[in-house]
Amino acid sequence: MAVAQLPGAAVDFARFLAGLTARLDRRSGWLAVFLERDPDGMRACLAGSELPPWDVVDALLQDLAADQGAAAARTEAATARTLHAAATAAHDAGPGAAAALAGRLDGMLREQRYAAERLQELTAHRATATTQDAAAALDVDLAWAEDDHRRATARCAELCARSDALATPAAAVRAPAPAAPAPERPARQAKPRKRPRGGARFAGIAEEAAGPPQSPAPVAPAPAAAVRGARFAGVADPAEEPAPSRPGPGDAHAAGGAVAHLHALRAQGRGGEAHVLLAELAGWPAPRLPLLAAELHRAGLEADWATLLWEVAALPPAGLVAAADALAAAGRGADARQLLRQGVARPAPEIADALHLLTGDGRDRQARALAGAYLAVRSPEDAAGVARSDPDRLVPLLLDAARGVSEERHWDLVHAFRVAGVLA
C-alpha cells in the first residue's frame, strides 16, 4: 500500500517514526535489535502500512534518551502518544479490522504463554547452574525471556483495548501505558545475542508469517499456583470456591509484604523468580487482588500489575469472576473488564465449559458477564462455536449478553447462529 493511499493519521505517524529512527544509531540499541530481527516489519511500519505496538515506540524513545538525553525523549514522547493513538484509530477503522485484531490477539496470547513457559524453564536451569559461565549465560537468556514476556503481555493488553474500542464505538482511543522497563540497552557496536522467539519482533507482523510457536499446554509456574492447573476445561466444581470476603488487616499486610519481596527481586535483576512470585500471587483469595493492585502501583510496578492480571485470567471460571467482582467492588471497574476480556481469549469449547459450570451453579450474572466479555472481543462465528455444544442453554444466554454489547452485535449473532444451524 502506498503512503499516499493511507489515512492521513497513518501517514503522519509513519513520518514521525521515520524522523525518530533517522536520529538514532542503527548499529546499537533497540533499533539495531528490531532491524536485525524483523527488517520487513520495520519497513512496513516506516511505510505506514503496519502500526508498531506501543512497546516498540517506547523502546525507540529509550534509544533517543540514551543518545540525546531524557529531555529530548520526553518532548518526543508526547507527540508519539498522540500520533500513535490517531494512527491506531485510522488502522482500526478499515474493513475487517475486528477479525484482524482477534487473529493477532490469539497469536500474541500464544507468544505470551510460550514466554511464560520459557521463563519457568530458564529459572529452573538457573537454580541448578554449576559454573559461573553457565549462570551468566542463563542470566542473559532470562533477561531476554522476561523482555519477551513483558512485551507480549503489553501487546495483548493493547490489542484487547483496540478490540474493546471497536466493540464500543463511542469509546475514545486510549493511549497505551508506557512499556515495562526492558533489559539493559544493547551495547554500542555489539551484535545482539541470539535468543528464542521473542518480543523484539512486531506483534502480528512477523509472527503471522512464521506461524505461532508450537508449545505444550501452559504449565503452572510454581507449586503454590497449582490451583491454576486447567484453564477453564476440567476444573473443579465452582461450588468448591469459597465465597469472597472483605479484606482484613492481615490481607493488607500480606499484600504489602509480597510487593516488597517482588520489588527486591526486580532490584536484584531476578526476573524469573519475580515471575514465579506473580504466578503464586494469582492464586491468592480474590479480595486481596485490589490490595495488590494498589501496592504495585504505589511501588511503581505497573508492568507487574499487568502481568498479574494475565496470570489471574488463567484461573478457573469461578476464580476469574470472583477476581473481577472484587476489582469492581473496589472501584477498579476498568481492571475488572480487562480481566474478563483476557480470560475469554480461549478456544470455544473451553468457554462453553466455563458457561456450563457457571450456569449449572446458578451464577447467571457471572455467566452473562463472561459471555459479554467474550462477545466484545470475538466474532459472532466464534460465539456460534460456543453455542453448538448446548444450544438450548447457551443460545439464549449469548443472545442476551449480545444485547448488552450492542444491538448490532445481537443481530450479527442471530445471523451467525442461523448459519451455523444452532438457531431456527
Side-chain angles (χ1 to χ4, degrees), residues 98 102 105 160-161 163-171 231-233 235-244 286 289 309 312-418 420 422-423:
L105 178 58
C160 275
S163 295
D164 190 38
L166 281 181
T168 311
R231 297 178 177 244
F232 284 166
V235 298
D237 190 322
E240 296 177 6
E241 290 279 345
L289 192 57
L309 272 184
V312 175
L315 290 171
L320 173 65
V321 295
D325 281 348
L327 288 170
R332 307 189 71 94
D335 286 333
R337 290 189 294 273
Q338 180 177 335
L339 178 61
L340 286 174
R341 286 197 304 269
Q342 292 169 175
V344 298
R346 306 178 187 280
E350 294 184 18
I351 297 297
D353 287 345
L355 294 175
H356 273 290
L357 287 170
L358 291 171
T359 55
D361 194 47
R363 303 190 181 194
D364 293 337
R365 182 185 61 79
Q366 292 92 333
R368 283 195 300 273
L370 196 65
Y374 185 80
L375 292 168
V377 297
R378 304 303 293 263
S379 71
E381 291 72 25
D382 290 336
V386 172
R388 192 172 286 114
S389 66
D390 187 355
D392 290 341
R393 177 187 294 188
L394 297 184
V395 165
L397 171 65
L398 290 165
L399 288 175
D400 183 53
R403 288 190 184 92
V405 176
S406 70
E407 193 64 25
E408 181 182 7
R409 180 55 56 92
H410 172 255
W411 287 114
D412 287 345
L413 196 59
V414 169
H415 175 71
F417 282 174
R418 286 174 176 163
V422 296
L423 182 66

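Bear in mind that the values here come from a model prediction, so they are computed numbers and not experimental data. Below, all heavy atoms of this structure are taken into account, side chains as well, without hydrogens, waters or symmetry copies.
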Problem set entry | Distance in Å, R341 CZ paired with R378 CZ, rounded so as to fall on 0.5 Å steps | 14.0 Å
For this session: Apply side chain to side chain contact (heavy atoms under 4.5 Å, CB included) to Q366 and D325, showing your working.
Result: CA-CA 9 Å; Q366 292 92 333; D325 281 348; 4.0 Å; yes
Problem set entry | Heavy-atom side-chain proximity of L327 to L309 below 4.5 angstrom | yes
Seminar exercise, completed: For G372 and A401, the nearest pair of non-hydrogen atoms, with its separation, is N-CB, 3.7 Å
Exercise. Taking only residues two or more places apart in sequence, or in another chain, which ones meet A402 in a side chain to side chain contact (heavy atoms under 4.5 Å, CB included)?
Worked result: L375, R409, H410, L413
Problem set entry | side chain to side chain contact (heavy atoms under 4.5 Å, CB included) between L355 and Y374, worked out | CA-CA 11 Å; L355 294 175; Y374 185 80; over 6 Å; no
For this session: Looking only at non-hydrogen atoms, find the nearest pair between L320 and V312 and report the distance.
Result: CD1-O, 4.1 Å
Problem set entry | Residue that, paired with D364, satisfies side-chain contact (heavy atoms from CB on, under 4.5 Å) out of L358, L397, T359 | T359
Seminar exercise, completed: Distance col, row L423:CG vs L399:CG, nearest 0.5 angstrom, shows 6.5 Å
Problem set entry | Side-chain touch H356/S389, heavy atoms, less than 4.5 angstrom | yes
Problem set entry | Heavy-atom pair of closest approach, residues A313 and L339 | N-CD1, 3.6 Å
Exercise. Which atom pair, heavy atoms only, marks the closest approach of L289 to A323?
Worked result: CD2-CB, 3.7 Å
Problem set entry | Approximate separation, where rounding is to 0.5 Å, of R403 CZ and W411 CH2 | 7.5 Å
Exercise. Between P391 and V422, what is the shortest heavy-atom contact and its length?
Worked result: CB-O, 4.0 Å
Exercise. Looking only at heavy atoms, what is the nearest atom pair of V395 and A387, with distance?
Worked result: CG2-CB, 3.9 Å
